[in-house]
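Each remark here refers to the structure printed beneath this line.
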Number of protein chains: 2
Amino acid sequence: MTPTIKDVAAHAGFSIATVSRAINAPHTVNPVTLDKVRQSIDALNFRPSPLGRQLRGERTRLIGVILPTLANPVFAECLQGIDELASAQGYRLMLMTTQYDADRERHAIETLREHRVEGLILTVADADTHPLLDELDRAGLLYVLMHNDTVRRPSVSVDNRLAAYDGVRMLIAHGHRRILMLAGTLAASDRARQRHLGYSQAMQQAGLTPAPALEVDFNAEELSPSVLAHLTSGPNRPSALFCSNDLLAMVVMRGLRRARLQIPHDMSILGFDGLAMGELLSPALASICAPNRAIGCAAWQRLLARVTGTYEALSETSLTLTLPHSLRQGATIAAISSRDDATPTRTSMPAERPFA
Amino acid sequence: MTPTIKDVAAHAGFSIATVSRAINAPHTVNPVTLDKVRQSIDALNFRPSPLGRQLRGERTRLIGVILPTLANPVFAECLQGIDELASAQGYRLMLMTTQYDADRERHAIETLREHRVEGLILTVADADTHPLLDELDRAGLLYVLMHNDTVRRPSVSVDNRLAAYDGVRMLIAHGHRRILMLAGTLAASDRARQRHLGYSQAMQQAGLTPAPALEVDFNAEELSPSVLAHLTSGPNRPSALFCSNDLLAMVVMRGLRRARLQIPHDMSILGFDGLAMGELLSPALASICAPNRAIGCAAWQRLLARVTGTYEALSETSLTLTLPHSLRQGATIAAISSRDDATPTRTSMPAERPFA
DNA sequence: GTGAAAGCGCTAACAG
DNA sequence: CTGTTAGCGCTTTCAC
């Protein structure tokens with residue numbers, strides 16, 4: 001069906017070796033021959049199969065990418081970054097998603113190893129304690145983590161602790177004192193922990209008492225009554241929420257709105273991720289931004305450096321690369337009056353805050 | 001480095017043939033031998049390389065996926081659908097994105113063919129006139145299109161014309177008469193054409209005059225002054241916008257808001273795609289929903305049927321599969337008073353419409 | 001029940 | 001400059 005190098009050789013009247021050379025080292029073959037071979041290649045529409053090459057022990061130029069999900073644009077954005085560089089540099093990506101499921105993670109890694117990927121770019125729930133990563137280390141398969149917050153393994157991410165710290169300090173600067181952190185049900189991730197740590201530090205430094213992260217079911221249509229109660233009732237109800245990611249923030253915003261709370265008047269919201277989408281919301285979502293695409297790009301570059309051995313040049317740099325985060329202002333955060341006892345109201349709409 | 005079948009054979013004290021059989025046809029080998037071989041496999045952590053298998057003319061179990069971009073969740077959702085089924089059925093995906101660029105499309109197809117993918121799932125700008133697809137037909141490489149609206153080629157999509165028709169009729173039923181369709185700058189896609197056709201038909205049927213689609217630059221930070229003028233000034237300014245996709249709708253909403261228009265009071269908005277994200281907006285985006293994940297799943301199933309030859313059983317069914325669309329109500333659409341000359345106002349905020 | 005050997009598409013010595 | 005040949009990891013006859 002698909003023509004092989006043999007077909008080309010026959011068609012051109014030369015040996016397969018000459019055809020191979022014509023492809024891989026054109027300067028070593030007689031121009032006339034070269035021309036004939038090329039014509040045959042065109043005529044048959046021949047494309048050398050990477051299989052043969054790979055089998056010869058050549059590099060597969062295949063990189064595996066393992067992501068929790070594509071439903072969260074954070075990962076889609078990373079993937080875009082990777083894909084951009086990879087395809088420009090002649091590598092192919094093999095993609096698998098895991099939904100944070102350990103079995104699927106294992107399966108993905110095995111599958112990709114079978115395919116002899118030269119390296120792996122991945123995001124896992126918890127990098128420090130992940131047994132599969134130890135296995136990779138043992139097996140000598142190169143990998144770079146994205147977003148995982150660990151110093152023990154090669155990774156690219158923002159400083160989650162510091163980023164959360166900065167964000168929560170900003171909330172405090174806006175006069176908020178009762179600030180609660182919300183996390184998804186998969187709160188056990190390394191970055192969620194770091195974010196909570198940053199939150200706690202910012203609170204403590206301001207003389208405030210941090211609370212444990214409140215877990216919220218991401219996928220539920222509505223906020224659960226118990227969560228809603230936490231957020232809306234009692235004298236200690238929070239005036240601001242720090243959500244461990246933007247998708248969560250959006251779900252929470254919807255829930256609060258359905259409960260007739262107004263944002264930011266009744267509740268300020270700060271997200272984490274900096275999804276482009278958030279800017280399109282109304283009010284626009286304030287968020288701690290990670291440069292997702294850049295994280296993908298950087299992960300790619302680091303992996304490639306290691307794969308091609310250029311890594312030595314980098315080897316003095318640390319295992320982990322920390323990219324700068326930024327705070328995105330947004331109308332979901334309001335300054336709070338010093339009079340701290342304001343209760344939820346729905347009598348008047350706040351003026352919509354214009355964009356800076 | 002990675003152990004081969006030879007290593008296993010040596011370790012187990014049998015020939016590679018026996019090892020191969022132990023893996024692929026366990027019942028044909030002596031139980032005792034089988035056991036030894038398996039122990040060696042475990043000991044060496046051997047995984048058969050798909051390369052060897054593929055080279056032997058076996059199926060590669062590799063499917064290529066070509067998508068315009070992952071920045072639009074529509075495609076990420078499709079990909080999720082594909083990935084789900086594919087990985088469950090032991091296939092791998094090789095992903096390439098094109099940004100709708102013809103060169104990149106060509107490159108992607110070539111690359112994937114080189115890798116001997118068994119089939120292709122893809123979305124292109126315009127399927128009817130796409131020369132590369134003709135090439136695929138000639139080459140006998142199986143493929144299924146997603147979202148492309150054509151009867152000439154294997155595809156899975158909604159009925160874009162009918163969907164747009166339904167949506168615009170809904171706007172008309174809400175009392176709108178000056179309805180404009182907005183399209184991205186890549187308006188030349190087959191589905192954009194079908195959507196405009198549906199829009200036109202709905203308009204005409206109601207005795208209204210359809211206008212050409214207004215092109216809007218998706219990526220610009222702000223709506224261009226000329227576009228804004230179209231939307232906001234003059235006695236014939238539209239009261240409702242039908243946006244050819246949700247992302248565009250969101251960008252337009254932001255632009256209108258910055259121009260101090262209130263949605264839906266000053267302008268109703270209807271999107272297309274049914275992005276989950278849209279429901280989290282405020283007001284929630286009304287949209288014509290395509291079952292993106294299901295489209296991905298269906299495309300996978302059709303491709304697999306063709307690849308495995310099961311296709312014959314399906315061959316009586318048509319080339320194209322049309323999945324049902326649905327209308328998602330949302331607060332971005334307001335009923336319009338019969339008094340049709342209302343001008344934009346910013347004196348009072350509309351009461352926020354509660355969720356249904 | 002097991003082994004020897006051929007061959008898949010290709011590259012890389014090594015000859016000529 | 002070109003051809004011959006071996007071998008990459010594996011499956012699959014065909015003998016034994």
Side-chain angles (χ1 to χ4, degrees), chain A residues 1-41 44-62 90 110-118, chain B residues 1-41 44-62 90 110-118:
Chain A
M1 241 231 53
T2 21
T4 79
I5 199 173
K6 258 189 193 162
D7 301 320
V8 178
H11 185 276
F14 291 92
S15 73
I16 60 169
T18 300
V19 175
S20 178
R21 274 189 294 260
I23 295 168
N24 301 299
H27 55 279
T28 67
V29 10
N30 184 310
V32 184
T33 310
L34 184 58
D35 202 55
K36 286 185 189 161
V37 170
R38 284 191 169 151
Q39 282 182 19
S40 297
I41 288 178
L44 297 164
N45 196 17
F46 166 77
R47 298 277 131 198
S49 158
L51 270 67
R53 292 181 166 167
Q54 292 170 202
L55 205 47
R56 276 299 295 158
E58 295 249 310
R59 323 229 336 258
T60 59
R61 298 201 144 237
L62 211 55
E110 289 208 343
T111 300
L112 294 173
R113 289 188 64 184
E114 286 177 15
H115 278 272
R116 306 300 190 257
V117 294
E118 295 185 22
Chain B
M1 242 232 49
T2 23
T4 79
I5 198 173
K6 256 188 195 163
D7 300 320
V8 178
H11 185 275
F14 291 93
S15 73
I16 61 169
T18 301
V19 176
S20 177
R21 274 189 292 260
I23 295 168
N24 302 299
H27 55 278
T28 67
V29 4
N30 183 312
V32 183
T33 309
L34 184 57
D35 202 54
K36 286 184 188 162
V37 171
R38 284 190 168 153
Q39 282 182 19
S40 297
I41 288 178
L44 296 166
N45 196 17
F46 166 78
R47 300 275 131 199
S49 159
L51 269 68
R53 292 182 165 167
Q54 292 169 200
L55 206 47
R56 278 298 296 158
E58 295 249 310
R59 323 229 337 258
T60 59
R61 298 201 145 236
L62 210 55
E110 289 208 342
T111 301
L112 295 173
R113 289 189 64 185
E114 286 177 13
H115 278 271
R116 306 299 189 259
V117 293
E118 294 185 23

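Here is the naming used below: chain letters follow the sequence lines, and residue numbers restart at 1 for every chain. Please read these numbers as outputs of a predicted model, since none were measured by experiment.
For DNA chain D, the neighbouring residues in residues 22-33 of chain B, judged by any heavy atom under 4.0 Å, are Asn24(B).
Within 4.0 Å of Pro50(A), counting heavy atoms only, lies no atom of the nucleic acid at all. At the heavy-atom level, Ser49(B) lies under 4.0 Å from the strands shown only through sugar-phosphate atoms.
Of all heavy-atom pairs spanning Asn45(A) and Arg113(B), the tightest one is ND2-NH1, 4.0 Å. Thr33(B) and Val29(B) make their closest contact through CB-CG2, 3.9 Å (heavy atoms, listed as atom of the first residue, atom of the second, distance). In terms of heavy-atom proximity, Ser49(B) sits nearest to Arg116(A) at CB-NH2, 3.2 Å. In plain terms, the two heavy atoms of Phe14(A) and Val37(A) that are nearest each other are CD1-CG2, 4.3 Å. Closest heavy-atom contact between Ile16(B) and Lys6(B): CG2-CA, 3.8 Å.
A straight line from CZ of Arg21(A) to C1' of dA12(C) spans 9 Å, rounded to a whole angstrom. The NZ-C1' distance, from Lys6(B) to dT11(D), rounds to 15 Å in whole Å. Look at CG on Leu51(B): it is 14 Å from P on dT11(C), rounded to the nearest Å. Atom CD1 of Ile5(A) is separated from atom C1' of dT11(C) by 8 Å (rounded to the nearest Å). Following rounding to the nearest Å, Phe46(B) (CZ) and dC10(D) (C1') show an atom-to-atom distance of 8 Å. Atom CD in Glu114(A) sits roughly 15 Å away from atom P in dG9(D) (whole-Å rounding). The NZ atom of Lys36(A) sits 13 Å away from the C1' atom of dC1(D) (whole-angstrom rounding). Note: CD1 (Ile41(B)) to C1' (dG9(D)) measures 14 Å, nearest angstrom.
In this model, the phosphate group of dT11(C) is approached by a side-chain N or O of Arg53(A) to a distance below 4.0 Å at OP1 or OP2. Distances shorter than 4.0 Å separate none of the side-chain N or O atoms of Ser15(B) from OP1 or OP2 on dT2(C).
When distances are taken from the side chain of Thr4(A) to each of dG3(D), dC8(D), dC10(C), the shortest belongs to dC10(C). Here dG3(D) is the nucleotide among dT11(C), dC8(D), dG3(D) with the atom lying nearest to any side-chain atom of Ala17(A). The Phe14(B) side chain lies nearest to dT2(C) when the options are dT2(C), dC10(C), dA13(C).
Expressed to the nearest 0.5 Å, how far OG of Ser40(B) lies from CD1 of Ile5(B) amounts to 12.0 Å. Interatomic distance, Leu34(A) CG to Ile23(A) CD1, rounded to the nearest 0.5 Å: 10.0 Å.
Looking at Asn24(A) and Arg53(A), their side chains come closer than 4.5 Å, going by heavy atoms from C-beta outward. Within the 4.5 Å cutoff, the side chain of Thr18(B) has no heavy atoms near those of the Lys36(B) side chain. In this structure, His115(A) and Gln54(A) have side chains that are not in contact, with every pair of non-hydrogen atoms separated by 4.5 Å or more.
Each of Ile16(B) and Arg116(B) was matched to the nucleotide of DNA chain C holding its nearest heavy atom; the match closer to the 5' end belongs to Ile16(B).
Rotation axes derived from the C1' atoms of the five outermost pairs at either end of the helix from dG1(C)-dC16(D) to dG16(C)-dC1(D) lie 50° apart, to the nearest 10°.
For dG9(D), its base never sits under 3.5 Å from the side chain of Arg47(B) at any donor and acceptor pair.
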